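Since the structure is predicted, the reported quantities are computational estimates derived from the model, not experimental observations.
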Amino acid sequence: MKNIIYIIIFLLFLSFSCSKSKNFKSGVESSDSLSSFIASAKNDKISESQRVKYNKKALLLLSNSDNDSVYRTRLIEIAREFYYLQQNKELKNTLAIVLEKSIEKKDSLNLAKAYNMLGSQNINLGKNDSAYYYLLKSEKIFVKLEDSLSLGKNYLDKAFVQMYESDYSGCELSSIQALTFLKNYKIRTDEYDAYNLIAVSSNELKNYENALIYHTKALNTAKEYKLINEYHLEANSRNNIGVVYQNLNKKEEAIANFEIALQDQNLLKDFPSLYAIIIDNLAYSKFKLKDFSNLPDLFYQSLAIREKNNLESGIIANKIHLSEFFALTKDSIKSQKLAQEALLLAKKTNISGDLLGSLKQLSLVDHNNSSQYSKEYIKISDSIQEEDKKARNRFARIQYETDEIIQEKDLLAQQNRNLLYFLVLISALAVLLFVIRTQRNKNRLLLLKQQQQKTNEDIYNLLISQQTTIEENRVKDKIKIGQELHDGVLGRLFGVRLNLDSLNKIHNDDSINTRYHYLNELKIIEQDIREISHDLSREKHFLINNFVAIVHNLIEDQKLSFEPNITFYIDKKIKWDLKDNQLKINLYRILQESLQNINKYAKAKNINVDFTKVEDKIVLTIVDDGLGFHVSNKKNGIGLQNMKSRTIDCEGVFEINSKKGKGTSVIITIPTII
């Protein structure tokens, strides 16, 4: 009976694993090819071979991606589809990539998922040692991540491995831990599996009352939440409850549960192996009660289903039960024949439980060879007990070695961290000393630069002061000349005009013509003098601004000293008298430095300088048609750095554009509010 229960649980586990792939809704595809391939691989409406092809295409397309979190998540997704499609080679290769990339980026979550999937793959391959090893590794990481959902599922997988290796105490503990972590997520299929595993473990540990409690919980979960009907979980739980009642020697209760299980619609069609188990269990319970109604027909009905579906362990169980039946009904020949057939098949399958059952039955019905069969039974039984003990010890050793490896890894990591901290400290000290030394040198250069800048500003301020004195004297002279012209000469000319006008009373034609001629000349002189006076007054308002004057002087010096033809424009909308002196100093120095660079290197024929007002900004543009240079390849000299620095001081934007043979333009944009 033990092996029958294992098969049921194993089939259910595979069924639930495969059912996870049915979340895909057909017809829904992402716009990009990768998403489309992955979606098609999940589509259970197409053939498995096509799904495998799509998944391989997705993996190939993903191979060119960067190793980021999305890439690793996609890899896990592709690996999961290979798992559902039972493509073990592709799954192993994909998980190897996941492990490599996750370790490279210290991605604990995807690393744990990869280990968990390797564990599940090894369960399916019957490699329980490897499965247990990988599940332990994933468990350690999930604990650190405090990922309750993944940890609960991991404990559930671990419980299956322990059950297959007859570690029922470990299986029960892992299943309880799984329930503890999964209770808040309401994943009913996982709850059902956990209840079922606890119940099966309790039954094997002969704790039948506890087995009934948890099989009943599993049954109620299946009924209340209507869990996936095609696996007939209610019928499965009814069968398991019946098996426990068999062990309690309560055959009537067992028969009642088996009969309820058989009422499940489509059970034979959907799950023939389970149907055959229930029929066999029902027949065996009736046999034990010596109720021979429908016997041995029920045994043969179960045997036919199992032979049709090549269920070898079930066939062995059926033949053993039939052997018992015919032994009781005094047909020893049939009984021995069926027991012999069971033993031959058991030796072929090499399943220890089947071997023990066959040998035990033969020792009871074949009296001539009973001693031989009993000895073989004892030998195999002792071997199985030893193997079970080794399995439990092996799991303990694997857990110990895994913990030891993790501790060694943590110790090595701690040592590496300490070494890293030491190297970082030494490096930091070296960098600090280098920075201090470099900073001292920079401070010296900065101090020298500040002194030079202060000297330049003092010279500029002296220049401004001299220019101011010159301009004030010019303005005074011009005002004086204007006043003299207006009040002196103009007044006298006006008096003469009046006298001449009085001579018009003499009516001599020649005299009159002469007088008119002189009067007109006097009017012309008067108008010219008035215009000169007004022009002198207007020029005062423009040239009174010292900045404009010194820029004019700079431009004039450029014209006199160097060959390039220079054009110059200052926008009259700019009110320089309201601008800060520091702003004007910086603009003057930038213009001066730029002209020096042109004179030294550009070999230009024409230079254009513009001061313009654009909205709330002053824009200085200096353009030449010289040799030009590649801006990206040009090392920043002290002159260019100074120009940039002065622009930054004014919170402005410095822009230089140049190409080889295409000249150079320097554009300084400085915000200002007038």
A.B. asks: Quick check against the 3.5 Å criterion: does N55 have a side-chain atom that pairs as donor or acceptor with the backbone of I78?
C.D. replies: yes
A.B. asks: Salt bridge between R306 and D280, side-chain N to carboxylate O under 4.0 Å?
C.D. replies: yes
A.B. asks: In terms of side-chain heavy atoms, does R72 have a donor or acceptor partner in S65 at a distance below 3.5 Å?
C.D. replies: no
A.B. asks: With side chain to side chain contact (heavy atoms under 4.5 Å, CB included) as the test, pick out the partner of E172 among D167, I198, L197.
C.D. replies: I198
A.B. asks: Please confirm whether H321 and Y284 have ring centers closer than 6.0 angstrom.
C.D. replies: yes
A.B. asks: Would you call R238-E234 a salt bridge at under 4.0 Å N-O?
C.D. replies: no
A.B. asks: Just by modelled atom types, is the V365 backbone N or O under 3.5 Å from a matching donor or acceptor in the Q336 side chain?
C.D. replies: yes
A.B. asks: Do K251 and E253 touch side chain to side chain, with heavy atoms closer than 4.5 Å?
C.D. replies: no
A.B. asks: Report the C-alpha separation of T329 and D331 in whole Å, then their side-chain angles, then the decisive distance to 0.1 Å, and conclude whether the side-chain hydrogen bond (donor to acceptor under 3.5 Å, both in side chains) test is met.
C.D. replies: CA-CA 6 Å; T329 57; D331 190 344; 6.0 Å; no
A.B. asks: Going by distance alone, is a donor N or O of one side chain under 3.5 Å from an acceptor N or O of the other, for S313 and D354?
C.D. replies: yes
A.B. asks: S285 and side-chain hydrogen bond (donor to acceptor under 3.5 Å, both in side chains): which single residue from E252, Q246, E259 fits?
C.D. replies: Q246
A.B. asks: Identify whether the distance between the nearest side-chain nitrogen and carboxylate oxygen of E77 and K42 falls below 4.0 Å.
C.D. replies: yes
A.B. asks: Are Y225 and Y192 an aromatic pair, judged by ring center distance below 6.0 Å?
C.D. replies: no
A.B. asks: Under 6.0 Å from the ring centre and within 45 degrees of the ring axis: does the NZ or CZ of K137 meet both conditions for the six-membered ring of Y115?
C.D. replies: yes
A.B. asks: For side-chain hydrogen bond (donor to acceptor under 3.5 Å, both in side chains), just list the numbers for Q162 and S174, CA-CA rounded to whole Å, side-chain angles, deciding distance to a tenth of an Å, and then say yes or no.
C.D. replies: CA-CA 9 Å; Q162 290 167 314; S174 295; 2.6 Å; yes
A.B. asks: Does the cation-pi check pass for K217 over Y214, that is, NZ or CZ under 6.0 Å from the six-membered ring centre and within 45° of its axis?
C.D. replies: yes
A.B. asks: For Q340 and D366: C-alpha separation, side-chain torsions, deciding distance, then whether side-chain contact (heavy atoms from CB on, under 4.5 Å) applies.
C.D. replies: CA-CA 9 Å; Q340 287 285 358; D366 189 352; 3.9 Å; yes
A.B. asks: Closer than 3.5 angstrom, by distance alone: can the side chain of T349 be matched with the main-chain N or O of A346 as a donor-acceptor pair?
C.D. replies: yes
A.B. asks: Between the side chains of D107 and K101, is the shortest nitrogen-to-carboxylate-oxygen separation below 4.0 Å, so that they form an ion pair?
C.D. replies: no
A.B. asks: For residues N210 and S202, is any side-chain donor paired with an opposing acceptor at under 3.5 Å?
C.D. replies: yes
